[in-house]
Amino acid sequence: MFKSIKWKFILIYFLLVFLSMSIVGIYIVHQLEDIQLEMSRKNMEKRIQSIIYSSEVLKTKEWSENVDEIQENFRSIQISYNENLYVILNDEQKTIIAGSVEDIIGQSAFNTTSINNYIFIKSLTGTAQYTVPPNQYEEIEGDTETPIFYHMSYPVKMDGNIKGYIYITNNIEYIYDTVNKSMEIMTQATIIALTITIFLGLILSSSITGPIKELTFKAKQMSQGDFDQKVNVKSNDEIGQLGSMFNFLIDELKNSISSLQQEKSKMETTFKYMADGVLTVDINGNIIHANPVAKNILLLSETEEKYDDVVKNIKGDMVLSNLKDKSYHGTEILEKGRETYNVDYAPFMNNQNEIGGVIIVFKDITEQYKIDKLQREFVANVSHELKTPITTIKSYAETLLDGALEEKQIAEDFLNVINSESDRMSRLVSDLLRLSRMDYEQTKWKKEKINVGEMLGQVAKKLHIQAKNKNIKMHLGNIQDDIFVLFDRDGFEQILLNIAGNAVKYTPEKGNVWIDAFRDNNKINISIKDDGIGIPKEDQLRVFERFYRVDKARSRELGGTGLGLSIAKQIAEAHNSKLTVNSEAKKGTEIIITIPEHS
Ligand code: ADP
């Protein structure tokens, strides 16, 4: 209970008021008692002096010789109810010669209990003595009824000699009654003051602890995530200022939190929709955050997984200890299935400015990697393709220079070889140029409406001699003359010549080539079919790759460059068209060109 400020307040106030009231009370009562006693003493002294001065015999005559007169005189003195008076002779016995109590007259002052021996003996020296009861001589323990008396022994002198003593006792109970009454009043006042103190203390402390309690309550609500808190500011004092500051801080906090949340949500959206995979791992290898792309790459389940468990099966040297060896900084290439990723990782700091973990970014570079690979292969292929005719030409030219030129027949044969190899080189170079132009989209397609039947007729005508040389029958279908396509004329012819040329090339003597075209759902299918050597299943998809040939030697022998079909495919794709292969080894091949119809 006394842990609360409220009760501490009240306790302190209580003690403060209690102590001050007690000190003031005790002081006042004591002072009162002292003043009263002093007044009583003075009154007694005056009373004795007035008795002496009003009596001739006491004042001027020798007491021992005038005892009777003194006694006579004494009877005329008015004795008040609360006092006792005695006249004591200064003889050997100190005899009481007159007094308000008749019984003790004639007795020695030393032998009566009415006289306080202590002060009486002290007064024998000649100075008046008095005592303030209760004291050790007068107080009778436990006897509260015993009246309390003030004693005074007053020596009366004449010519320097003590004639006798006037002894007076005064009942001063009324002083103690007054003192006790005052004490009672002070106690009551203290109790009233303490009650008021507790009451006021409660009001005062509540006015301080109330707002503090409210602040504490609101702060607790805030700690539970409820920031819609405001305290009521009722005053402009320190407590009021604390409340205003609290409200200000809440507003600031709310603003900061909302901008933080905005930032967080921006970051989350960025992470969620970014094309790269982002993974955050703490220093102990726990995955803190993974965006959908990273989850997909690493096949992360929703359950908490350790980074090392996930990564060790994909790329062992990317486990956390290895990244640590490189100070959590570096780049790796990660190949997973058909995908290739560039993995960058870098450390992040915690609030103590120590490494708190590592952020790993997976960038899908599959396409770029493939292109790089294709480029390398392409350069190797081109070099290889060029090297063969150049070697042939060089060796034949050298042989000619070495003397073969003399023999006409041999020289002619050699020059024919050189010529045909040069043709092949020139075909290769022009094919490469065409491809390169298409790659860099420098080819300007002049799309025009072309009659498919007419174009197929021309192509058949161009291949006629080639076919005739091999005794191949060309079958041109009965094509409707209202079939049109929107195509670049040269490009269209190139596709058809490449495909139909292949049909003638890869069909043995006395074979057949069929060329036909027909409508199919707003599309035109041009079919070029042969009963030649066919293309094995496993090669069918790859024949459209650059330099891919099923049988390299045969293709070369037949003057092929390995680029015909890839050029045809690229031109077709530039005109929203596609090529399909249907073939069976040793039975024949059909290549279908599907083009949108142009009405
Ligand atoms: P090439 O200049 O070698 O003919 P292409 O790109 O035109 O190059 O053809 C690629 C490969 O596809 C050829 O080398 C050949 O092996 C195969 N091919 C193409 N057309 C046919 C066909 N009609 N019959 C059999 N094989 C073919």
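First listed ligand is number 1; within each ligand, the first listed atom is number 1. Worth knowing before you read on, the calculation uses all heavy atoms, side chains too, and leaves out hydrogens, waters and symmetry mates.
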> Under 30°, 30 to 60°, or over 60°: which ring-plane class applies to Phe487 and His575, parallel, tilted or perpendicular?
Replying inline: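 Parallel, since the angle between the ring planes stays under 30°.
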
>> Would you call the rings of Phe378 and Phe547 parallel, tilted or perpendicular, taking 30° and 60° as the class edges?
In response: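 Tilted: the ring planes of Phe378 and Phe547 meet at 30° to 60°.
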
>> Using only atom types and a distance under 3.5 Å, with no angle test, would you say the side chain of Thr366 pairs donor to acceptor with the backbone of Thr340?
In response: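 A pair under 3.5 Å: yes.
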
> Got a sec, which pairs hit salt bridge (Lys or Arg N to Asp or Glu O under 4.0 Å) with one end in residues 386-395, sequence neighbours left out?
Replying inline: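 Salt bridge (Lys or Arg N to Asp or Glu O under 4.0 Å) check on residues 386-395 returns Lys394-Glu398.
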
> Which pairs, with at least one residue in residues 371-383 and sequence neighbours excluded, count as a salt bridge (Lys or Arg N to Asp or Glu O under 4.0 Å)?
Replying inline: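 Found none.
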
Ligand 1 polar-atom proximity to protein (N/O, under 3.5 Å):
| unit_1 | atom_1 | unit_2 | atom_2 | d |
| --- | --- | --- | --- | --- |
| ligand 1 | 2 (O) | Thr561 | N | 2.7 |
| ligand 1 | 2 (O) | Gly562 | N | 2.9 |
| ligand 1 | 3 (O) | Tyr506 | OH | 3.2 |
| ligand 1 | 3 (O) | Ser555 | OG | 2.6 |
| ligand 1 | 3 (O) | Gly562 | N | 3.4 |
| ligand 1 | 4 (O) | Asn502 | OD1 | 3.2 |
| ligand 1 | 4 (O) | Lys505 | NZ | 3.1 |
| ligand 1 | 4 (O) | Tyr506 | OH | 2.7 |
| ligand 1 | 6 (O) | Gly564 | N | 3.2 |
| ligand 1 | 6 (O) | Leu565 | N | 2.8 |
| ligand 1 | 7 (O) | Asn502 | OD1 | 3.3 |
| ligand 1 | 7 (O) | Asn502 | ND2 | 2.8 |
| ligand 1 | 7 (O) | Leu565 | N | 3.4 |
| ligand 1 | 8 (O) | Gly562 | N | 3.4 |
| ligand 1 | 14 (O) | Tyr506 | OH | 3.3 |
| ligand 1 | 16 (O) | Val550 | N | 3.0 |
| ligand 1 | 20 (N) | Asn502 | ND2 | 3.4 |
| ligand 1 | 23 (N) | Asp530 | OD2 | 2.9 |
| ligand 1 | 24 (N) | Thr589 | OG1 | 3.3 |

> For residues 211-226, which residue pairs qualify under side chain to side chain donor-acceptor pair (under 3.5 Å), counting only residues two or more places apart or in two chains?
Replying inline: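 Sorted pair list: Asp226-Gln229.
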
